[in-house]
Amino acid sequence: MSTDHQRYSTENQSDAIARYADERGYQITKTYTDAGKSGLRIEGRDGLTQLLEDIQAGKTDFKTVLVYDISRWGRFQDADESAYYEYICKRAGIAVEYCAEQFENDGSPVSTIVKGVKRAMAGEYSRELSQKVFAGQSRLIEMGYRQGGPPGFGLRRMLIDEAGNQKGVLTRGEHKSIQTDRVTLVPGPDDEIAVVNQVFRSFVDDNKTEAAIAADLNTKGIKTDLDRDWTPSVVRQLLSNEKYIGNNIWNRNSFKLKKRHVRNRPENWVRSVGAFEAIVDAGLFAAAQAVFTARAQRYSDEEMLDGLRDALETHGFLSGFVINEANALPSSGAYQSRFGSLLRAYKLVGFTPDRDYRYIEINKRLRKIHSGIIHETVDGIEQIGGHIQQDAKSGLLTINHEFSASIVIARYTQTGAGAYRWNIRLDTGHLPDITVVVRMDQANETPLDYYLLPTADMTLPKMRLSESNGLSLDAYRFDDLNHFFSMAERTSILEIA
């Protein structure tokens with residue numbers, strides 16, 4: 001199920017299947033469930049995948065598979081894919097029956113025709129729903145509402161109700177809790193706004209590079225909105241983002257029907273001009289974009305490739321991060337635009353990446369984030385009156401001399417099919433009572449959420465999290481560390497003799 005509403009909740013499906021089995025004298029011996037999963041693709045459908053693997057390996061002790069209806073088997077965009085998975089079962093002598101359908105899946109011409117139509121209808125339902133959701137999201141963008149993501153340096157997220165009344169600023173990690181509420185962007189503190197404008201003036205009037213601007217900010221001790229040091233790529237993102245002149249832009253990239261990620265052309269972006277209060281003059285912003293354009297046009301194809309060869313000789317490999325951090329090179333986006341893709345540019349200079357070298361820089365960033373979360377945890381527990389110790393060698397945390405905890409960063413990765421994954425290696429050597437798993441966002445820059453996993457309930461040293469993981473794991477998921485802090489809170493108890 002991809003939703004917990006109405007008849008498609010797992011409990012309702014189980015009840016209907018149990019009644020069907022009882023009426024026909026079947027005994028249910030095993031249940032395969034994909035709770036909170038989309039039926040668009042087989043990727044992420046661990047329950048269905050396990051079912052097919054068990055059947056193909058001959059590890060089954062059942063003769064029939066009961067499914068609630070055609071759509072629960074899957075809303076595959078290719079109806080033949082759905083038929084193929086059913087055929088795998090049939091080939092192994094396992095029948096598939098749909099409990100809520102008005103036909104018997106007996107292989108007759110009528111059932112074959114009806115199944116084909118219903119499979120196509122299930123896929124069409126997802127296509128129509130995708131279009132409706134896209135239209136709804138586009139409408140919200142045009143109305144000036146923010147669709148996810150951090151606000152950026154110099155801006156803040158403001159929560160407003162359905163009548164347009166402001167309810168308060170959302171801090172980092174906070175989300176709206178009422179479906180009808182919306183989020184928009186508002187100017188941040190005056191000192192941050194002054195820094196943003198100084199960055200633009202340094203770039204436009206003083207002809208400073210992004211690297212020089214980042215160095216100036218770091219020298220002054222100014223941190224980014226994520227409390228990190230500035231880098232040339234972060235400065236470049238600030239200088240090129242239209243939200244600073246009040247424009248709301250969405251759909252730069254899309255992943256419709258979970259088929260493949262697409263970088264959309266600017267004419268396909270959803271844009272709302274003047275949606276927010278601008279904190280940068282439009283003329284100053286336009287001048288900055290003119291600098292970027294002139295810089296990109298100034299290089300010929302061969303000059304861009306020569307610069308790429310020099311970077312390859314210096315670093316021994318190439319990546320988007322290497323390109324963006326190099327002062328003498330245009331941005332990685334300029335290479336993508338000029339040559340169609342970074343991989344094609346790499347090929348033209350004789351570099352064939354055998355692995356994704358971005359992990360080197362990501363790991364450096366994650367080490368800093370891990371240290372920051374340790375400090376955040378220590379401060380949070382001390383603020384509520386708790387006591388915490390950290391083992392200098394192992395990093396293990398001991399809280400109130402009562403229980404231990406280990407903090408693990410789960411880096412975001414993506415499979416070749418586009419599915420989101422977070423691989424976790426639990427600290428089995430020191431056996432902490434609780435492992436705090438910090439699941440990172442898609443940019444591996446900001447914590448997405450937290451899992452508080454009791455070691456007693458975890459049976460495997462390695463785990464792999466998906467977008468949704470079912471109640472057995474998601475019951476331990478939290479948006480912040482407040483629940484963990486509350487576990488360490490001290491409470492006075494009166495002693496009665």
Side-chain angles (χ1 to χ4, degrees), residues 1-4 8-18 20-21 26-101 105 115 119 122-123 126 258 410 413-426 437 439 451 453 457-477:
M1 65 157 192
S2 57
T3 177
D4 196 24
Y8 287 142
S9 70
T10 51
E11 292 80 5
N12 288 342
Q13 290 183 61
S14 295
D15 290 344
I17 290 173
Y20 181 94
Y26 292 156
Q27 178 186 358
I28 297 177
T29 62
K30 191 168 184 178
T31 299
Y32 296 84
T33 307
D34 286 320
K37 302 290 184 179
S38 168
L40 287 170
R41 302 182 308 166
I42 192 68
E43 290 80 8
R45 295 282 304 277
D46 295 337
L48 179 58
T49 301
Q50 188 62 54
L51 168 67
L52 297 175
E53 289 178 354
D54 290 348
I55 289 175
Q56 289 177 300
K59 298 179 180 179
T60 60
D61 59 353
F62 50 83
K63 295 297 183 182
T64 304
V65 173
L66 302 183
V67 188
Y68 180 74
D69 65 16
I70 291 284
S71 69
R72 298 305 89 193
W73 188 249
R75 296 189 186 276
F76 302 106
Q77 294 304 290
D78 187 344
D80 290 341
E81 183 177 0
S82 180
Y84 170 71
Y85 298 137
E86 182 178 322
Y87 174 71
I88 290 177
C89 301
K90 285 185 175 181
R91 186 176 58 189
I94 307 293
V96 177
E97 298 185 16
Y98 301 102
C99 305
E101 300 292 359
N105 190 20
K115 277 194 301 183
R119 285 167 180 157
S126 293
K258 296 193 175 184
T413 59
Q414 193 172 35
T415 67
Y420 301 162
R421 293 290 183 269
W422 291 263
N423 294 319
I424 302 168
R425 183 187 296 274
L426 299 177
V437 176
R439 195 163 67 157
Y451 282 74
L453 303 179
D457 291 347
M458 302 297 115
T459 58
L460 298 175
K462 296 181 181 179
M463 300 175 59
R464 185 179 69 175
L465 297 179
S466 304
E467 292 178 80
S468 298
N469 305 281
L471 185 61
S472 61
L473 281 177
D474 283 345
Y476 301 112
R477 192 195 74 81

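In this chain, residues are counted from 1 in sequence order. Please read these numbers as outputs of a predicted model, since none were measured by experiment.
For the pair Gln77 and Gly123, the tightest heavy-atom approach, listed with the atom from each and the gap, is NE2-O, 3.3 Å. In this structure, Ile55 and Ile88 approach most closely via the heavy-atom pair CG2-O, 4.1 Å. When all heavy atoms of Arg45 and Gly74 are compared, the pair lying nearest together is NH1-CA, 3.9 Å. Closest non-hydrogen pair, Tyr68 versus Ile17, comes out as N-CD1, 4.0 Å. For the pair Ala83 and Arg119, the tightest heavy-atom approach, listed with the atom from each and the gap, is CB-NH1, 3.3 Å. Among all heavy-atom pairs drawn from Ala18 and Ile28, the shortest one is CA-CD1, 4.1 Å.
No donor-acceptor pair under 3.5 Å is formed between the side chain of Asp69 and the backbone N or O of Ala100. Of the possible donor and acceptor atoms, one in the side chain of Asp34 sits under 3.5 Å from a partner among the backbone N and O of Gly47. For the pair Thr64 (side chain) and Ala95 (backbone), a donor-acceptor distance under 3.5 Å is absent.
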task = Please lay out, stage by stage, how Gln50 and Asp46 fare under the test side chain to side chain donor-acceptor pair (under 3.5 Å).
result = CA-CA 6 Å; Gln50 188 62 54; Asp46 295 337; over 6 Å; no
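Side-chain contact check for Leu465 versus Tyr451: some heavy-atom pair is nearer than 4.5 Å. Put simply, the side chain of Arg91 reaches to within 4.5 Å of the side chain of Gln56, judged on heavy atoms. The side-chain heavy atoms of Ile70 and Lys115, taken from C-beta on, include a pair separated by under 4.5 Å. Side-chain contact check for Trp422 versus Val437: every heavy-atom pair is 4.5 Å or farther apart. Proximity of Trp73 to Leu48: side-chain heavy atoms (C-beta onward) are separated by under 4.5 Å at one or more points.
Using a 30° and 60° split on the angle between ring planes, Tyr20 and Tyr26 fall in the tilted class, from 30° to 60°.
Separating the CD1 atom in Ile94 from the CG atom in Asp54 is a distance of 10.5 Å, to the nearest 0.5 Å. For the atom pair CE (Met463) and CZ (Arg425), the distance works out to 13.5 Å, reported to the nearest 0.5 Å. In this structure, the separation between CG on Leu66 and OG on Ser14 is 11.0 Å, given to the nearest 0.5 Å. In this structure, OG1 on Thr33 lies 8.5 Å from CD on Gln13, to the nearest 0.5 angstrom.
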